[in-house]
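Here the structure comes first, spelled out in structure tokens, and everything after it is commentary.
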Amino acid sequence: MLSEPRSGRLAAWGNALLAGLVSPDDAALAMVGEDAVHRVEGLPGEPGPVGLTLAMGRLRGLGVTGFRVALPAPGHPLGLSGPPEFNARALDAEEAVVAFGAPYGLVPEVYEAGPDGDVHVEVLWHCLPVREAPPADVPSLGEAERELAEALREATEVLSRLDVAGSGPVAEAALDAYRARAERGREVLAPGYPPRAVRVLELAQRVALLVSLAYENGHGGAVSASEMAARGQALRPVERTARRAQVAAYNAYVEERERG
């Protein structure tokens, strides 16, 4: 995973905005990222879709004081708390934002628009009711950091043994892009997050990159069915650990608020 999920950008910069650490315009610009435009539909009191700046103000007025991230996968409702209707839409999108302080959640729907050669991405966030309950299976930052370190060691050992670790020009280009991005001193998280959350998210992105390269490089040296099954068995828990850690990092702002 070479870029942060849209839910991560919205939650992180939404938290910075609610804390008064960034302006509404700067927060909206960071949330949109490289997309063309983001809108939010289904907000109470709004008859149609609205821009992010107005949406954040409306959510604040409804009592929202923070945002969490959910990155669910089949069989793993990571970060979700229900109800089933919201969980199903979040699972389809593979991500969602869950508000803290008021029972609302946001699920992105991504569109491509424009003529051939000039296609751009638009995102419509659907605001839906959520259940106010602890999010599913989200570790603490300390737990996430320990799990990631172990997962990285295990994945490297297993994938090297199966000869399916990232290799070749495509993998090298991806690794070079990751290193260049890190060296530019990019803001991994928005202002207001603890340094440990930044460290955990960076490590989670490295682990997720390793997993994505292993998947994208075809079968590599794992030519037999048993070897391919072994690779999948090795990657699945690592991928799960990386997702849990990302959610823990993005949710650290709200978790600190809850602790007082």
Side-chain angles (χ1 to χ4, degrees), residues 1-8 11-12 68-82 84 87-88 90-98 133-168 170-171 174-175 178-179 182 188-189 196-252 255:
M1 185 177 295
L2 295 175
S3 61
E4 61 271 282
R6 291 180 173 89
S7 56
R68 289 187 173 109
V69 170
L71 297 177
H76 189 204
L78 175 61
L80 298 175
S81 57
N87 287 5
L91 183 57
D92 286 342
E94 298 183 343
E95 61 177 316
V97 173
V98 180
D137 197 36
V138 179
S140 69
L141 279 175
E143 291 169 336
E145 197 167 28
R146 290 191 295 272
E147 291 173 2
L148 278 171
E150 182 63 25
L152 186 58
R153 286 194 298 270
E154 292 181 357
T156 301
E157 291 173 2
V158 173
L159 296 177
S160 296
R161 186 170 69 248
L162 295 176
D163 192 25
V164 294
S167 61
V170 175
L175 287 168
Y178 178 84
R179 295 188 191 104
V188 178
L189 282 169
R196 191 174 201 178
V198 176
R199 186 168 68 246
V200 167
L201 184 57
E202 286 180 324
L203 183 56
Q205 289 175 340
R206 285 178 54 202
V207 173
L209 174 62
L210 174 64
V211 172
S212 66
L213 290 177
Y215 276 128
E216 290 167 7
N217 282 343
H219 298 320
V223 293
S224 72
S226 61
E227 286 173 331
M228 285 186 283
R231 181 182 67 166
Q233 187 175 8
L235 289 176
R236 279 190 293 275
V238 176
E239 187 176 37
R240 184 186 182 106
T241 297
R243 284 191 297 108
R244 291 180 77 237
Q246 287 184 73
V247 172
Y250 285 120
N251 292 5
E255 304 310 327

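The figures that follow rest on heavy atoms only: side chains count, while hydrogens, waters and symmetry mates do not.
- Nearest heavy-atom pair across A242 and V207 is CB-CG1, 4.0 Å.
- Not counting sequence neighbours, the partners of A245 by the side-chain contact (heavy atoms from CB on, under 4.5 Å) test are A144, L148, V200, A204.
- Residues S7 and V97 share a closest heavy-atom pair of O-CG2, 3.5 Å.
- In this structure, A252 and L141 approach most closely via the heavy-atom pair CB-CD1, 3.7 Å.
- Here R199 pairs with E145 under the salt bridge (charged side-chain N to carboxylate O under 4.0 Å, His left out) rule; sequence neighbours left out.
- Every residue meeting the salt bridge (charged side-chain N to carboxylate O under 4.0 Å, His left out) condition with R6, not counting sequence neighbours, appears here in chain and number order: D35.
- Taking E143 as the reference, S140 meet the side-chain hydrogen bond (donor to acceptor under 3.5 Å, both in side chains) condition, with sequence neighbours excluded.
- Looking at residues two or more places apart in sequence or on another chain, you find a salt bridge (charged side-chain N to carboxylate O under 4.0 Å, His left out) between E147 and R244.
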Show me, pair by pair, the donor-acceptor contacts under 3.5 angstrom made by side chains of residues 68-80, not counting sequence neighbours?
from, atom 1, to, atom 2, distance (Å)
R68, NE, E255, OE2, 3.0
R68, NH2, E258, OE1, 2.5
R68, NH2, E258, OE2, 3.3
H76, ND1, R243, NH2, 2.9
H76, NE2, D137, OD2, 2.5

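- We find that E150 and R153 are joined by a salt bridge, their nearest charged nitrogen and carboxylate oxygen being less than 4.0 Å apart.
- Residues A12 and Y250 come closest through the heavy atom pair CB-CD2, 4.4 Å.
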